[in-house]
Amino acid sequence: MDVTALLDTLNDAQRQAVSAPPHAMLILAGAGSGKTRVLVHRIAWKIQVEKLSPHSILAVTFTNKAALEMRGRIETLLQISASSMWVGTFHGIAHRLLRRHATQANLPETFQVMDSDDQLRVIKRLLKALEVDEKKWSPRQVQSFINSQKEEGLRAKQLADNGDFYQKNMLRFYRDYEEICHRSGLVDFSELLLRVYELLRDNADLLAHYQTRFRQVHVDEFQDTNTIQYAWLRLLTDGKDNLFVVGDDDQSIYGWRGAKVENIQRFQKHYPQHQVIKLEQNYRSTGHILNAANDLIAHNEQRMGKQLWTNSGQGELISLYTAFNEQDEAYFVVEQIKKWREEGDLKQDVAILYRSNAQSRLFEERLMSAGIAYRVYGGLRFFERAEIKNTLAYLRLMLNQHDDPSFERVINFPTRGIGLKTLDEIRLLARTQQQSLWRSAIALLQQNSLSARAENALKSFLVLIKSLADTAEPLPLHEKVKLVIEHSGLLALYKKETDNQGEARVENLEELVNAARLFDYPMESEEKLSELALFLAHASLEAGEMQAGEGENYVQLMTLHTSKGLEFKKVFLVGLEEGLFPSEQSLYNPERLEEERRLCYVGVTRAMQQLFISHAESRRLYGQENYPQPSRFLREIPSELMQDIRIRTPITRPATVARTKAADSLKTNTYKAGQKVSHTKFGLGIVLQTEGEGTQEKIQVNFKTEGMKWLMLAYAKLDILS
DNA sequence: TTGTTCCAGCTTTTT
DNA sequence: GCTGGAACAA
């Protein structure tokens with residue numbers, strides 16, 4: 001392939017980015033502007049034109065999916081195998097480095113990776129052991145404290161409590177947590193990043209080695225990097241000016257989990273030689289949709305500034321539907337999908353996007369009764385399922401008996417007569433002796449202090465693990481997994497469950513054996529670790545797909561966050577109401593509000609041809625009827641880009657809202673739900689309901705401009721208009 | 001050990 | 001208003 005072929009299919013800005021001289025580059029890539037394309041072609045350029053070996057290229061992404069796609073596209077483009085190229089997630093690459101340099105990183109060779117669920121379990125147990133009030137110190141709170149400190153690059157010993165009671169306790173938990181992880185040979189997700197950062201920072205030789213090796217470093221979704229990830233990139237490219245980052249400040253929607261958009265500014269300061277290129281031509285959406293997105297995001301103050309454009313025509317207007325309530329909203333969406341289905345089979349092109357997962361239920365119900373196949377993204381993924389995690393815990397324990405969380409998980413699962421009392425004694429001994437549960441269990445047996453029954457049960461558990469480990473030793477990976485499933489008692493247990501769930505679990509276990517069979521482990525000469533250990537790490541680092549295969553005939557339901565990076569011909573953006581989107585928690589915080597707006601921008605730019613936006617006038621939330629204002633984002637999209645699908649006629653509010661309340665209030669009250677009223681100060685409004693009697697009588701009115709209010713009827717100056 | 005009841009909490013998610 | 005988890009009882 002010659003050089004022109006690499007550039008031919010690109011537009012001017014893309015071409016500039018791909019063929020730029022080898023210095024630091026910041027590519028601000030708008031939604032649908034061919035970001036991955038540029039990244040892939042840039043890497044191809046490096047290999048093809050600048051003759052870099054794939055070996056000297058590093059490309060970092062956030063998700064496994066993105067990493068896989070990038071490698072695949074490079075290989076297709078260049079028709080080479082890029083297996084020597086390092087393409088992976090931040091965590092995946094950190095894991096790889098730690099495996100290679102475990103000793104220098106002060107980790108055991110067999111260290112394992114914990115997922116967030118494992119981490120939470122460790123913290124829960126730790127808090128129990130310390131006998132602190134779980135109401136006051138919630139495990140989740142502790143977890144997020146620890147993770148956010150690590151993401152800022154801070155160890156417990158680097159933090160001061162300043163006499164602060166809260167901080168003092170948190171630091172105690174943090175220290176204990178580090179201790180348990182160390183003893184069990186476990187590393188959590190943020191630890192992977194921090195540990196690698198420290199490894200390179202403290203080992204000049206290693207750092208120099210990787211700085212020399214990676215002649216080009218590429219980062220996808222740069223706006224999502226957190227402090228420690230950026231610090232790591234800085235180390236790796238220090239004084240080299242060879243960092244190529246692609247991102248979009250307007251699509252930064254993960255600030256709440258530590259992402260720092262400011263890293264874009266930091267980049268510009270730290271790499272003064274850098275060049276900025278904006279990709280603004282959009283190949284996805286029609287003109288109207290892009291204009292809406294542009295005008296919406298222009299309401300944000302904190303942005304670098306970008307204007308998307310297309311030369312593919314204006315397309316259809318955006319449709320706006322005002323629903324009576326959330327039921328009506330779901331009804332409308334599904335009716336619309338039904339119409340499309342009658343016109344032709346279009347289901348895989350349709351997505352319903354919402355702010356929070358709880359909103360999916362109504363759409364699911366409607367789709368179900370309409371007989372339309374759908375798929376909800378989110379929820380538990382394969383390697384996160386309880387039966388899978390139980391099996392993995394046995395496998396981990398076989399590999400490393402001092403893995404306390406795994407020990408806890410399966411010592412009495414399936415039940416084998418080891419009660420709480422025995423377990424407590426083991427825990428106590430472990431704590432006082434500062435040793436693993438496994439060692440403590442053995443010690444306890446030697447003390448002969450247990451009852452005969454407990455002793456037998458415990459002994460047989462230890463023997464089980466040992467014999468599983470020995471028997472498995474010579475077997476191929478999938479046979480090891482199979483052995484555990486069959487001999488741990490898990491299979492028998494799940495087979496006994498006669499309901500669907502039991503069946504599904506058995507199927508999942510079979511699938512796990514299959515996954516093990518198909519697992520081909522990336523074995524480099526230095527990575528002499530056992531296949532099993534790598535498989536277990538893989539299970540933590542890649543929890544498995546949760547999406548339907550490409551092009552399958554499903555309507556797709558997902559949160560706005562999940563939709564980032566995807567595109568659909570027809571998009572429903574639902575629930576655009578103040579308090580829902582933007583969410584209640586963001587309403588009074590300008591920064592969070594801007595993030596919500598970016599989220600809305602992400603949603604709008606998912607649509608290729610048709611965008612439907614809806615909101616409801618009344619919505620049941622947490623068992624309470626709410627009358628939310630339409631989202632401010634609706635006002636921020638120019639009205640000439642939108643068409644109302646139905647004329648708003650609030651008088652014909654459906655009976656469901658008005659009926660019961662109205663019937664009740666009829667007895668004593670003159671006001672009825674649905675009546676138009678006028679207030680001297682608040683203006684026009686619609687009566688929603690009344691409550692109480694006599695001087696205590698209150699009335700709830702939804703005012704056109706002022707929103708929903710409760711008024712004391714005795715004082716309210718209301719005129720009935722209808 | 002299992003079932004029941006009570007109670008808090010309630011965006012967003014990848015690794 | 002529902003759900004998941006924990007505490008408690010049998």
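Letters A, B, ... mirror the listed sequences (proteins, then strands); counts begin at 1.
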S.K.: Would you measure the distance from the P atom in B/dT11 across to the matching atom in C/dG4 and give it in whole Å?
M.R.: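 Nearest-Å result for B/dT11 against C/dG4 at atom P: 15 Å.
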S.K.: 5' to 3' on DNA chain C, which nucleotides open and close the contacts with chain A (atom under 4.0 Å from a heavy atom)?
M.R.: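 Answer, 5' to 3': C/dG1 to C/dA6.
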S.K.: A/Glu577 and side-chain hydrogen bond (donor to acceptor under 3.5 Å, both in side chains): which single residue from A/Arg355, A/Arg632, A/Arg619, A/His615 fits?
M.R.: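 Exactly one pass, corresponding to A/Arg619.
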S.K.: Between A/His538 (NE2) and B/dT15 (C1'), how many Å, whole number?
M.R.: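 Result: 13 Å.
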S.K.: A/Asn64: what forms a side chain to side chain contact (heavy atoms under 4.5 Å, CB included) with it, not counting sequence neighbours?
M.R.: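 Listed in chain order: A/Thr89, A/Glu542.
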S.K.: What nucleotide, of B/dT12, B/dT14, B/dT15, holds the atom closest to the side chain of A/Glu384?
M.R.: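 Among B/dT12, B/dT14, B/dT15, the one nearest the side chain of A/Glu384 is B/dT15.
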S.K.: Considering only NZ, NE, NH1 and NH2 on the basic side and carboxylate oxygens on the acidic side, decide whether A/Glu408 and A/Arg427 come within less than 4.0 Å.
M.R.: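 A salt bridge is present here (some side-chain N lies under 4.0 Å from a carboxylate O).
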S.K.: Does A/Phe62 have any ring-ring contact (aromatic ring centres under 6.0 Å, His included) partners at least two apart in sequence or in another chain, and if so, which?
M.R.: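 Counting only residues at least two positions away or on another chain, A/Phe62 forms a ring-ring contact (aromatic ring centres under 6.0 Å, His included) with A/Phe90.
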S.K.: Might you list the N or O atoms of the protein lying below 3.5 Å from N or O atoms in nucleotides 1-11 of chain B, with each pair's distance?
M.R.:
| from | atom 1 | to | atom 2 | distance (Å) |
| --- | --- | --- | --- | --- |
| B/dT11 | OP1 | A/Gln585 | NE2 | 2.9 |
| B/dT11 | OP2 | A/Tyr622 | OH | 2.8 |
| B/dT11 | O5' | A/Gln585 | NE2 | 3.3 |
| B/dT11 | O4 | A/Arg592 | NH1 | 3.4 |

S.K.: Dot-bracket for DNA chain B, 5' to 3', with Watson-Crick and G-U pairs under 3.5 Å, [ ] for crossing pairs and | for other-strand pairs: what is it?
M.R.: ||||||||||.....
S.K.: A/His101: which residues meet the ring-ring contact (aromatic ring centres under 6.0 Å, His included) condition with it, sequence neighbours left out?
M.R.: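 By the ring-ring contact (aromatic ring centres under 6.0 Å, His included) rule, A/His101 matches A/Tyr210.
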S.K.: Specify the separation, in whole Å, of atom CD1 of A/Ile253 and atom C1' of B/dT12.
M.R.: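 The distance from CD1 of A/Ile253 to C1' of B/dT12 comes to 8 Å, rounded to the nearest Å.
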S.K.: Within this structure, what is the CG-to-P distance between A/Asp188 and B/dT14, rounded to whole angstrom?
M.R.: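 In whole Å, B/dT14 P lies 18 Å from A/Asp188 CG.
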S.K.: Using the ring-ring contact (aromatic ring centres under 6.0 Å, His included) criterion, which residues pair with A/Phe189? Sequence neighbours excluded.
M.R.: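 A/Phe189 satisfies ring-ring contact (aromatic ring centres under 6.0 Å, His included) with A/His91 only.
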S.K.: What is the distance from NZ of A/Lys564 to P of B/dT15, rounded to the nearest Å?
M.R.: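 Going from A/Lys564 (NZ) to B/dT15 (P), I get 12 Å.
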S.K.: P atom, C/dG5 versus B/dT12: distance in rounded Å?
M.R.: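 Their P atoms lie roughly 16 Å apart.
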S.K.: Starting from P on B/dT12, measure out to CG on A/Leu599 and report it in whole angstrom.
M.R.: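 Going from CG in A/Leu599 over to P in B/dT12 covers 11 Å.
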S.K.: Taking ring-ring contact (aromatic ring centres under 6.0 Å, His included) as the definition, give me every residue that meets it alongside A/Tyr254, ordered by chain and number, with sequence neighbours left out.
M.R.: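 ring-ring contact (aromatic ring centres under 6.0 Å, His included) check on A/Tyr254 returns A/Trp256, A/His561.
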S.K.: Could you tell me which residues satisfy side chain to side chain contact (heavy atoms under 4.5 Å, CB included) with A/Ala457, sequence neighbours excluded, listed by chain and number?
M.R.: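 Checked A/Ala457 against side chain to side chain contact (heavy atoms under 4.5 Å, CB included); matches are A/Ile418.
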S.K.: Tell me every residue that passes side-chain hydrogen bond (donor to acceptor under 3.5 Å, both in side chains) with A/Gln141, counting only those two or more places apart in sequence or in another chain.
M.R.: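 Partners of A/Gln141 under the side-chain hydrogen bond (donor to acceptor under 3.5 Å, both in side chains) test: none.
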S.K.: Report the residues that fulfil side chain to side chain contact (heavy atoms under 4.5 Å, CB included) with A/Tyr177, sequence neighbours left out, ordered by chain and then residue number.
M.R.: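 For A/Tyr177, the residues satisfying side chain to side chain contact (heavy atoms under 4.5 Å, CB included) (neighbours in sequence not counted) are A/Met114, A/Gln119, A/Val122, A/Ile123, A/Leu126, A/Ile146, A/Lys150, A/Cys181, A/Asp188.
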S.K.: Considering residues at least two apart in sequence or located in another chain, which fulfil the side chain to side chain contact (heavy atoms under 4.5 Å, CB included) criterion with A/Glu178?
M.R.: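 A/Glu178 satisfies side chain to side chain contact (heavy atoms under 4.5 Å, CB included) with A/Arg155, A/Ala156, A/Tyr174 once adjacent residues are dropped.
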S.K.: Without decimals, in angstroms, what is the distance between A/Arg257 CZ and B/dT15 P?
M.R.: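 Going from CZ in A/Arg257 over to P in B/dT15 covers 9 Å.
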